[in-house]
Amino acid sequence: MKLIACTEGHSSKIEAFSLEMIAAARSLSQAGDKVVAFFAGRDAQAASASFGVADQLIAACAATSDLIPAETYARLLRDVIAVESPSLVLVPYSANGLDVAADIAARTGWPLISYVNEIKRDGESLTVVAQMYGGKILAECAVGLPAILMINPGAFPEATPGPIDTARVRMIDAEPALTSGKVKMVAIEVPDYADVDLTTAERIVCVGRGIGDEASIDLARNLATMLGAEIAGSRPVVDNGWLPKLRQVGKSGQKVKPKLYLALGVSGAPEHLEGMSHADLIIAVNTDPKAPIFNVAHYGATCDLFDLVANLSDRLRAGSGR
Amino acid sequence: MNILVVLRMIPDSAGELQLAEDGRSIDREWLDFQLNDFDDHALEEAILLKEAGGAKVTAVAVGEGANRVLQMAAARGADEVVALQCEEDAMISSREIAASIAAMARAKSADLVLCGVQSSEDVFGQLAPYVGALLDWPHVSGANRIVANGAVLRVTQERGAGVAVTYELAAPAVLGVQTASKAPRYVSGSKLREASKTPIGRATPEPSGLERAADIITLRLPVQGGSGENLGGNAETVADRLVSILAAKGMARN
Ligand SMILES: Cc1cc2nc3c(=O)[nH]c(=O)nc-3n(C[C@H](O)[C@H](O)[C@H](O)COP(=O)(O)OP(=O)(O)OC[C@H]3O[C@@H](n4cnc5c(N)ncnc54)[C@H](O)[C@@H]3O)c2cc1C
Ligand SMILES: Nc1ncnc2c1ncn2[C@@H]1O[C@H](COP(=O)(O)O)[C@@H](O)[C@H]1O
């Protein structure tokens, strides 16, 4: 059978999770199967320099655009599916994948399972494990083929990057699909990381919705100062305007790897974990003992975060002789 | 402009989730149901668009507690509110309800369908792309700013690392909202009481038209804790332990 691993890029780069999609497809393939990497982007250079683990690369490129909108990506992918008749299409859970996966599912009628962490193949059918309810529940699903799976970034190890020889690359001109597309990309804004760059911070204190209100952020900020740490927030905290966007950690925030990550009132949804689960030392404080943050924490406490902040601040103040 | 905004009621996952006896669903009996967070932002964006350029906003709610949320939507500025009937005690699958939403979008001559980018029960796929594909309208997910200039929409989408990409597209369209341009507003009790008189329309579901061909076999709780150490629930002892843990790593002084 054929497996299509969907990959992405922007400008002349590939997204790192692309190599995870190829590795996931490879891990499911058996003798006689074929892993096809589908790429849509500005040019195929980075893709053909990295996707050697795939049996074939189908690259849809348009030199005029740094980014192929999901609508166009989905249309190009549909054409590829029509020609290749794959049994399985793996789509990353990304901004692009969110629009592509269900679009294809609706137009083909194929089943789709999202937020997939594990896949087991049994001949022509699959058993997959997907996350629900912010990671609090795992759903084991039976999937008949052909099917589409939307895969969580970080669920599969990256394939080793290496070149794919030109004989195994099929190029598609994405320009016509791009020009006739109904969704046009008009601007890309990249923030100024000069203010704060959490990706290089050695210590981070992150507050989640459990902090309750804007005024309480100061308590956590004072603690952060005593620890020599940067203050950060989960998505709802930033959405509420309590912390600036550049201080958001997670899927649509920063991916961080500090020596210390103290999470206060953060539940640990998959989209948050994606940004911080590789920190060296994770300490989580959450009154809910079932909070998924405890699955990645090295130390967990189930006390009230306000009590902890008060007590910890007292001790640190005493320790510093003040 | 006619805007249809979809409001899905989901279990409050900050509470304890228990598995039902069949092992394939969660026990919904004692759960609190609340409006899907992202749908709350979609509602806010719909109202903001109405305030900015004029629009008729129809809110359609699905699930347990739909009436309560529709009254809230009316109090916030929705012009018409409709409850979409659904199977009681079943999780809301966007794949299942997409055809009903698409039919309603047609019936209401919607120019714009707004919904949250995802819901935590959406294991079979997300609503915006399903509805967009069924209607063959353009769709963009992860929207955090929508500006309408007549039928031309400018939609800003969040990518990783704080990067934002802006697209232009023409209505009719379907957008999966991540964050409204402003945080969802609060409504006063008096407004809520006033809105409680708003008549709530009923809609019956359409068959999904999409075969499922995938099924949940079992639900389970993730293996808890991993290799982490539980420091317990006493803030004083936890603070003591943390100081020594941090001190041992040179990150605090005992
Ligand atoms: C496409 C997409 C991208 C996303 N990107 C991101 C992202 O970049 N970053 C991100 O964080 N999220 C992101 N999310 C959102 C994510 O799914 C969750 O909604 C979010 O992470 C939840 O934030 P939270 O843990 O602060 O809030 P909640 O899930 O509400 O958790 C609050 C926690 O605080 C605890 N608590 C409450 N009071 C106290 C107290 N007094 N003491 C101790 N604990 C307390 C509660 O038990 C609860 O576990 C994204 C979602 C989508 C769909
Ligand atoms: N020019 C861009 N266009 C679209 N997305 C981008 C762009 N630059 C960065 N990103 C997003 O931001 C993330 C971090 O990018 P980078 O800083 O290049 O590693 C990537 O995963 C992309 O999703």
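So that the names make sense, note that chain A is the first sequence line, chain B the second, and so on, each numbered from 1.
Within a 6.0 Å sphere centred on CG of Asp122(A), other residues, nucleotides and ligands contribute 12 heavy atoms or fewer.
Only the backbone of Lys251(A) comes within contact range of chain B, with heavy atoms under 4.5 Å apart. Heavy-atom distances place no part of Leu127(B) under 4.5 Å from chain A, backbone and side chain included. Within the 4.5 angstrom heavy-atom criterion, only side-chain atoms of Arg95(B), from C-beta onward, approach chain A. In this structure, the portions of Met132(A) lying under 4.5 Å from any heavy atom of chain B include both its backbone and its side chain. There is no contact between Ile10(B) and chain A, counting heavy-atom distances below 4.5 Å. Pro292(A) does not touch chain B: none of its heavy atoms, backbone or side chain, sits under 4.5 Å away. In this structure, chain B has heavy atoms under 4.5 Å from both the backbone and the side chain of Ala187(A). Proximity to chain A is absent for every atom of Val155(B), based on heavy atoms less than 4.5 angstrom apart. When heavy atoms are compared at a cutoff of 4.5 Å, Ile283(A) approaches chain B solely by way of its side chain, counted from C-beta outward. Heavy atoms closer than 4.5 Å to chain A are found in the backbone of Ala14(B), but not in its side chain. Contacts between Glu236(B) and chain A at a heavy-atom distance below 4.5 Å involve backbone atoms as well as side-chain atoms. In this structure, the portion of Ile26(B) lying under 4.5 Å from any heavy atom of chain A is its side chain and not its backbone. Contacts between Leu221(B) and chain A at a heavy-atom distance below 4.5 Å involve backbone atoms as well as side-chain atoms. Residue Ala147(A): no heavy atom, backbone or side chain, is found under 4.5 Å from chain B. Using a 4.5 Å cut-off between heavy atoms, Val249(A) does not touch chain B at all. Ser252(A) touches chain B through backbone and side chain together, each having a heavy atom under 4.5 Å away. With a 4.5 angstrom heavy-atom cutoff, Leu281(A) touches chain B only via side-chain atoms.
Nearest heavy atoms, Tyr193(A) versus Ala161(B): OH-O, 2.8 Å. The two residues Val183(A) and Pro138(B) have their closest heavy-atom pair at CG2-CB, 3.7 Å. Closest approach of Ala133(B) to Ala106(A), counting heavy atoms only: CB-CB, 3.6 Å.
Note that the SG atom of Cys141(A) and the CG atom of Asp215(B) stand 8.0 Å from one another [nearest 0.5 Å]. Atoms CH2 and CD, from Trp110(A) and Glu211(B) in turn, are 14.0 Å apart once rounded to the nearest 0.5 Å. One finds the CG atom of Leu169(B) at 11.0 Å from the NZ atom of Lys184(A) (value rounded to the nearest 0.5 Å). The CZ atom of Arg203(A) sits 6.0 Å away from atom CE of Met251(B), with the distance rounded to the nearest 0.5 Å. Expressed to the nearest 0.5 Å, how far OG1 of Thr302(A) lies from CG of Leu231(B) amounts to 9.0 Å.
Tyr133(A) is listed as a side-chain neighbour of Glu121(B), based on a closest heavy-atom distance under 4.5 Å. Considering only heavy atoms from C-beta on, Leu112(A) comes within 4.5 Å of Tyr130(B) through its side chain. Side-chain atoms of Ile113(A) and Phe124(B), non-hydrogen and from C-beta on, do get closer than 4.5 Å to each other. Side-chain contact between Val165(B) and Met185(A) is present, with heavy atoms from C-beta onward closer than 4.5 Å. Glu71(A) is not listed as a side-chain neighbour of His139(B), based on a closest heavy-atom distance of 4.5 Å or more. Proximity of Glu140(A) to Ile216(B): side-chain heavy atoms (C-beta onward) are nowhere separated by under 4.5 Å. You'll find the side chain of Val163(B) reaches within 4.5 Å of the side chain of Pro191(A), heavy atoms only.
We find that Arg209(A) and Asp37(B) are joined by a salt bridge, their nearest charged nitrogen and carboxylate oxygen being less than 4.0 Å apart. Between Arg107(A) and Asp136(B) there is a salt bridge, since at least one side-chain N of the basic residue sits less than 4.0 Å from a carboxylate O of the acidic one. Glu158(B) and Lys245(A) are joined by a salt bridge, as a carboxylate oxygen and a charged side-chain nitrogen come within less than 4.0 angstrom of each other.
A distance-only check finds a donor-acceptor pair linking the side chain of Asp99(A) to the backbone of Ser141(B) [under 3.5 Å]. Side-chain atoms of Lys136(A) never come within 3.5 Å of backbone atoms of Leu17(B) as a donor-acceptor pair (strictly under, hydrogens ignored).
When only modelled atom types and interatomic distance are considered, Ser114(A) and Gln126(B) share a side-chain donor-acceptor pair under 3.5 Å. For Arg159(B) and Ser94(A), the side-chain atoms include no donor-acceptor pair closer than 3.5 Å. For the residue pair Gln118(B) and Tyr115(A), a side-chain donor N or O sits within less than 3.5 Å of a side-chain acceptor on the partner.
The residue from Val238(B), Asp240(B), Leu242(B) that alone fulfils the side chain to side chain contact (heavy atoms under 4.5 Å, CB included) condition with Leu312(A) is Leu242(B).
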